[in-house]
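What follows is a short report on a single structure.
So that the names make sense, note that chain A is the first sequence line, chain B the second, and so on, each numbered from 1.
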Protein chains: 2
Amino acid sequence: MPDSKPPGSPRRSDTTRTAILDAARERFAADGYERATIRAIARDASIDPSMVMRYYGSKEGLFAAAVAVDLKLPDLTALPREEIGRALVTHFLDMWEENEVLTALLRVGVTNEAGAERMQGIFRDQLLPVARTVCPDPEQVPARAALCSTQLLGLALTRYVLRFPPVVTLPREEAVAWLAPTVQRYLTAPHP
Amino acid sequence: MPDSKPPGSPRRSDTTRTAILDAARERFAADGYERATIRAIARDASIDPSMVMRYYGSKEGLFAAAVAVDLKLPDLTALPREEIGRALVTHFLDMWEENEVLTALLRVGVTNEAGAERMQGIFRDQLLPVARTVCPDPEQVPARAALCSTQLLGLALTRYVLRFPPVVTLPREEAVAWLAPTVQRYLTAPHP
DNA sequence: AGCCAATGTCAACGCTTGTTGGCCTACATA
DNA sequence: TATGTAGGCCAACAAGCGTTGACATTGGCT
């Protein structure tokens, strides 16, 4: 049996495997699911396309392995209540600029069901619990977290994917200054 | 010369042409650019794929013909100043639910350069002038209009494309109630 | 009726895609 | 040093793609 996986043991092929994942993330982020071909990814990683199949089974499997997102959301309870909006927006900008994985996920999620579900899962499993720690009424938590995601993903969409010039030009600090009160309100303001 | 086009004259093939455009919009909206194949569109329209080529030249040409958006933005100067946020949000929801063309444009724009430029052009040519009529400082108009587009497109993205359950579930009136103040502030509040 | 262009059908082209299996190479272990 | 196995490359497959050109059919015109 090739490729049994005693979970901690390093394999001789690990450099190739991560080269494939890196190339895959880059291509998915730049091109989306369909146009990111296995052949192009393999070319970027300087290996044969069949290696991708050997290590990740299929294109879907490669995508699943390449796009694993940890938003690393900070503990908002340690902050003064009126600063959580600003903290969230800056943190999201950090995450988005740290690497390409979020851009990849967004580009893919728009045309690929599996990608959409994964994006959905990330916001459900990571943003929702954080929202729970700051929202007054537990019943409103999903809606309030969802509202935050509309604004945050809208910024990412126009800034990093569609690249609307005025949004790209907008200095980071100014974007934060404008969006922070919005997110703050979605999380903490009384239901309108 | 086949297909000269005296602009007003109806052609015998007009029913076929609009059938193609309808099917194209539907497929682009559901699948994005790559997965919306000419063959599938032709099948939906019950015609031969070669007719698509005859009438629209290429897939790019078909897309250009199928996705023409008029946001039909209302005259905001006729409104009390504090209601323009709500008016804009409701109008955008109307537009988005009226037909599939905006969803098609968003799905395509995320992975297709031409689509992204078209989306960009729509907001530049249609939203910007409206913003000019309500913004205090002309110099801030592009940034403020862009901020509005981040929130409006973020809502459309999560509600109509990624279909985040809490956003889909959110009653229309509630979405308006939450977003209206945001848009209102982006357009009219003093620079933070 | 007879012509001609517009409309539609059919089959094929060249190309790219994801995916597969066979084969060679190199290393870790015995 | 011998050997088994993981790593890697190559060539090929079937399917699907956008696109093309040759051919049949229709319908409005004189």
Side-chain angles (χ1 to χ4, degrees), chain A residues 1-24 27-28 30-67 108 111-115, chain B residues 1-24 27-28 30-67 108 111-115:
Chain A
M1 181 195 322
D3 259 83
S4 62
K5 201 185 171 186
S9 71
R11 278 155 304 190
R12 192 151 44 98
S13 60
D14 276 354
T15 66
T16 299
R17 296 176 115 97
T18 68
I20 293 175
L21 288 187
D22 287 345
R27 282 283 178 176
F28 282 133
D31 296 338
Y33 191 79
E34 329 286 335
R35 287 181 37 216
T37 68
I38 287 190
R39 285 170 149 94
I41 292 167
R43 206 178 315 124
D44 290 356
S46 307
I47 46 96
D48 189 89
S50 63
M51 303 305 298
V52 178
M53 303 303 295
R54 190 198 285 270
Y55 292 142
Y56 299 102
S58 69
K59 188 176 181 179
E60 287 262 358
L62 172 62
F63 173 72
V67 177
V108 170
T111 42
N112 182 280
E113 191 56 37
Chain B
M1 180 194 323
D3 260 82
S4 59
K5 198 184 172 187
S9 70
R11 279 156 303 192
R12 191 152 45 97
S13 59
D14 275 355
T15 67
T16 298
R17 296 176 115 97
T18 68
I20 293 175
L21 288 187
D22 287 345
R27 283 282 178 176
F28 282 133
D31 296 337
Y33 191 78
E34 330 285 334
R35 289 180 36 216
T37 68
I38 287 190
R39 286 170 146 94
I41 292 168
R43 205 177 318 125
D44 290 357
S46 309
I47 46 96
D48 191 272
S50 63
M51 303 306 301
V52 177
M53 304 303 295
R54 191 197 284 274
Y55 292 141
Y56 299 103
S58 68
K59 189 177 178 177
E60 287 263 357
L62 172 63
F63 174 72
V67 177
V108 170
T111 42
N112 183 280
E113 192 56 36

- Item | Under the salt bridge (charged side-chain N to carboxylate O under 4.0 Å, His left out) test, residues paired with Arg35(A) that sit two or more places apart | Asp31(A)
- Task: Mind calculating the distance between CZ (Arg54(B)) and C1' (dA5(C)) to the nearest angstrom?
- Result: 10 Å
- Out of curiosity, Thr37(A) OG1 to Glu34(A) CD, how far, rounded to the nearest 0.5 Å? 11.5 Å
- Task: Report yes if at least one side-chain N or O of Tyr55(B) is closer than 4.0 Å to OP1 or OP2 of dG8(C); otherwise report no.
- Result: yes
- Query: At under 4.0 Å between heavy atoms, what does Ser50(A) touch on the DNA or RNA strands: base, sugar-phosphate, or nothing?
  - Reply: base
- Message: If I take atom CG in residue Asp14(B) and atom P in nucleotide dG8(C), what distance separates them, rounded to the nearest angstrom?
- Response: 10 Å
- Note on the structure: Separation of dC10(C) atom P from Met51(B) atom CE, nearest Å, is 13 Å
- Task: Could you check how far CZ of Arg17(B) sits from P of dT7(C), rounded to whole Å?
- Result: 7 Å
- Close residues, residues 31-45 of chain B, relative to DNA chain D [heavy-atom separation under 4.0 Å]: Thr37(B), Ile38(B), Arg39(B)
- Taking the side chain from Tyr56(B) and the backbone from Arg17(B), do they hold a donor-acceptor pair closer than 3.5 Å? yes
- Message: Once rounded to the nearest 0.5 Å, what's the spacing between atom CG of Leu21(B) and atom OH of Tyr55(B)?
- Response: 12.0 Å
- Query: So, the side chain of Asp22(A) versus the backbone of Ala19(A): is there a donor-acceptor pair under 3.5 Å, distance only?
  - Reply: no
- Message: So, taking the atom named CD1 in Ile47(A) and the one named CD1 in Ile20(A), what distance separates them when rounded to the nearest 0.5 Å?
- Response: 4.0 Å
- Report the distance from atom CG of Asn112(A) to atom NZ of Lys59(A), rounding to the nearest 0.5 Å. 9.0 Å
- Query: Whole-Å distance between dG18(D) P and Ile20(B) CD1?
  - Reply: 14 Å
- Query: Nearest-Å distance, NZ (Lys59(A)) to C1' (dG16(D))?
  - Reply: 13 Å
- Query: If you check every side-chain atom of Arg12(B), which of dC10(D), dG7(D), dT7(C) has the closest atom?
  - Reply: dT7(C)
- Query: Expressed in angstrom and rounded to an integer, what is the separation of Ile47(B) atom CD1 from dT19(D) atom C1'?
  - Reply: 14 Å
- In whole angstroms, the gap separating P of dG18(D) from CZ of Arg27(B) amounts to 12 Å
- Message: OP1 or OP2 of dG8(D) versus the side-chain N and O atoms of Thr16(A): is any pair under 4.0 Å?
- Response: yes
